[in-house]
Amino acid sequence: MVFFYAIAIRRMIAFDRGNDVDERDKDMVLTYPYLLRIEFLIAIAVIIVLIVWSITIDAPLEEEANPSLTPNPAKVPWYFVGLQEMLVYFDPWIAGVMLPVLIIIGLMVIPYLDFNTRAIGAYSFRHRKLAVMIFSFGFFLWVLLIAIGTFCRGPGWLWFWPWQQWNPHKVMIETNINWSQLFGITGKASSSVFGGLTVLLYYSAWWIAPYLWVKKKQGKFIENLGHMRYALFIFLLASMAGLPVKMFLRLCFNVKYVWTTPWFNI
Amino acid sequence: MSKWKEKIAGSQLWRSIFRHGAPDTRRNRIMLVLDNVFLHLHPARLRRYGLRLSHTWCMGGITWLLFVILTITGVLLMFYYHPSKGAAYQDIKFLKYDIPFGPFLRNMHRWGAHLMVITVMLHMLRVFLTGSYRPPREFNWVIGVLLLVLTFLLSFTGYLLTDDQLGFWAVTVGTNMARSAPVIGHEGPLGKELGMNKFNDIRYAILGEGEVAGNALLRAYIWHCIALPLILIVFAFVHFWRVRRDGGISDPL
């Protein structure tokens, strides 16, 4: 990922300086031999890498499935370990159902929320600052979650630094509290109301802040986007930003739930 | 020598298979691409910047190549596999220790699968960074996201097929998340109120039973080997068609 980002950043800098594309690039060249030659070479390279990888490293195979013996920790494949890590911060219905659905929907609506007409088909940072920053943040967050879940989680899903030995008998004395308890509110109903207000305030702050910013800069961003698309955009952005916020609250303050209700907890 | 070449290349058999001459003239080079069922996915000509590896990273092509490799190795693996409890694990061990080139075949499939997940994510990153989802290509991006989800599902269903501790518990954790789905899961918000229980919720529907056992293995096998690849191929063809239809590799200017 670092390698490809490096390539992309090099191209972005070149494009933004104006010396990325030269006139020859717009010429039409024949597919054979030029494109097919490159594709053929890359195909051979990929197959060779795969063959060498397959000869040298064996795919893992553990003992036969035993429903009465749970491995500790029981991890899902690496590309889902990010979701499993999210289970620390959210209940299963959010971490396993809502957030993945929001991620997929959020990815799908990107072309309909991004109306910037500059720098299509080229790498650019200057003309696409917001888009590149948001997507990179999301991508990096996804990779970070996978890295934490793969390298920093051991037995009991407790935190082990990568150099620490996994101790299945490690005990962590942690009392988790709820967000409202941080502020001294303990009654069930009042905690519910307080939590609900916090969530409402969070999304409202995200909604209002850009309005004020755009007004200050006298821009037309929200006007051009339209109110429906803007609301959707802010909802998705705030939800994505909510993940590191919740991670921070949980890891540093042991806050388990921000909003508790009799039917669900966030 | 060249007389023999002329004789063979002029024969009816040869000319019925290879319908144009060697690609050393401009005409023949174009015909090579347009007249070939595998190659006619490409345009006959393309812009020079589309060749630059730093532009496309070739990730889309690599992903499709990996899918083809996985299909071939997958079919070969199917000859040695019975999708039932007890037999499945023994079959994998058989592949590992008894069958000639068994470990190599299994490794190609496994590492190819992981590599495909990586390349499909890199392809998504590249398409985003070049802004190649702007009109008229918006819906192709949506199809791409669907292909991403299908790739993840293919990988996940394949994970269970070894029926070892790794696969079994990974799928147990994964499907246990399904029982917490709102409304349709029996442990999710509003699930109990709507009459969901262990034997009629979405998790039951996915597994074919209440636990991860024989039915789940068979379903994972069918999803992994038949249903999901077919669905993926259909969407992949739409994806490729749309790339050509919308003008090929996106124009930077």
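All values below were derived from every heavy atom in this structure, side-chain atoms included, with hydrogens, water molecules and symmetry-related copies excluded. Labels below follow one simple rule: chain letters A, B, ... track the order of the sequence lines, proteins then strands, and each chain is numbered from 1.
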Check: A:Leu107 main-chain N/O paired with B:Trp141 side-chain donor or acceptor under 3.5 Å: yes
Which word best sums up how the rings of B:Phe156 and A:Phe80 line up, parallel for under 30°, tilted for 30 to 60°, or perpendicular for over 60°? perpendicular
With only heavy atoms counted, which part of B:Ser155 is less than 4.5 Å from chain A, the side chain, the backbone, both or neither? both
Is it the backbone or the side chain of A:Ile94 that comes under 4.5 Å from a heavy atom of chain B, or both, or neither? neither
Find the distance between CD1 (A:Ile47) and CG (B:Leu66) and round it off to the nearest 0.5 Å. 9.0 Å
Please rank B:Ile62, B:Leu166, B:Val173 by heavy-atom pairs under 4.5 Å with chain A and give me the top one. B:Leu166
Tell me, side chain or backbone of A:Val46 under 4.5 Å from chain B's heavy atoms, or both, or neither? side chain
Determine yes or no for a side-chain-to-main-chain donor-acceptor pair under 3.5 angstrom, with A:Glu63 supplying the side chain and B:Gln165 the backbone. no
Atom CZ of A:Phe137 with >12 non-hydrogen neighbours under 6.0 angstrom: yes
Interface moiety of A:Leu50 toward chain B, non-hydrogen atoms closer than 4.5 Å: both
Side chains of A:Glu62 and B:Phe168: closer than 4.5 Å at any heavy-atom pair? no
Could you tell me if the side chain of A:Tyr112 sits less than 4.5 Å from the side chain of B:Phe139, heavy atoms only? yes
Contact check, side chains of B:Leu148 and A:Ile104, non-hydrogen atoms, under 4.5 Å: no
Mind telling me whether B:His114 and A:Tyr79 have parallel, tilted or perpendicular rings, with 30° and 60° as the class edges? perpendicular
Could you tell me whether B:Phe240 atom CZ has more than 12 heavy atoms of other residues or ligands within 6.0 Å of it? yes
Go through the atoms of A:Thr261 and report whether side chain, backbone, both or neither lie under 4.5 Å from a heavy atom of chain B. neither
Residue part contacting chain B, namely of A:Val76, when any heavy atom lies under 4.5 Å: both
Worked check of side-chain contact (heavy atoms from CB on, under 4.5 Å) between B:Arg110 and A:Asp58: CA-CA 9 Å; B:Arg110 182 80 166 220; A:Asp58 265 341; over 6 Å; no
Choice from B:Lys93, B:Arg179, B:Met124 maximising heavy atom contacts with chain A below 4.5 Å: B:Met124
Once rounded to the nearest 0.5 Å, what's the spacing between atom CG of B:Asp163 and atom CG of A:Leu61? 10.0 Å
Check each atom of B:Val142 against the heavy atoms of chain A and say whether the ones under 4.5 Å are side chain, backbone, both or neither. both
For the residue pair A:Pro92 and B:Asn176, establish whether any side-chain heavy-atom pair is separated by less than 4.5 Å. no
If you count every heavy atom of other residues, nucleotides or ligands that lies below 6.0 Å from B:Lys85 atom NZ, does the total exceed 12? yes
Contact check, side chains of A:Ile38 and B:Cys58, non-hydrogen atoms, under 4.5 Å: no
So, the part of B:Trp111 with a heavy atom under 4.5 Å from chain A: the answer is both
Atom group of B:Phe128 that falls short of 4.5 Å from chain A, counting heavy atoms: both
Need one label for A:Pro100: side chain, backbone, both or neither, based on atoms under 4.5 Å from any heavy atom in chain B. neither
Which atoms of B:Met59 are under 4.5 Å from chain A, going by heavy atoms: the side chain, the backbone, both sets, or neither? side chain
Relative to chain A, which of B:Thr162, B:Val117, B:Val171, B:Ile118 shows the most heavy atom pairs under 4.5 Å? B:Val117
Please flag which part of B:Tyr133 lies under 4.5 Å from any non-hydrogen atom of chain A: side chain, backbone, both or neither. both
Do A:Trp53 side-chain atoms and B:Gly112 backbone N/O form a donor-acceptor pair below 3.5 Å? no
Answer with side chain, backbone, both or neither: which region of B:Leu65 has an atom nearer than 4.5 Å to a non-hydrogen atom of chain A? side chain
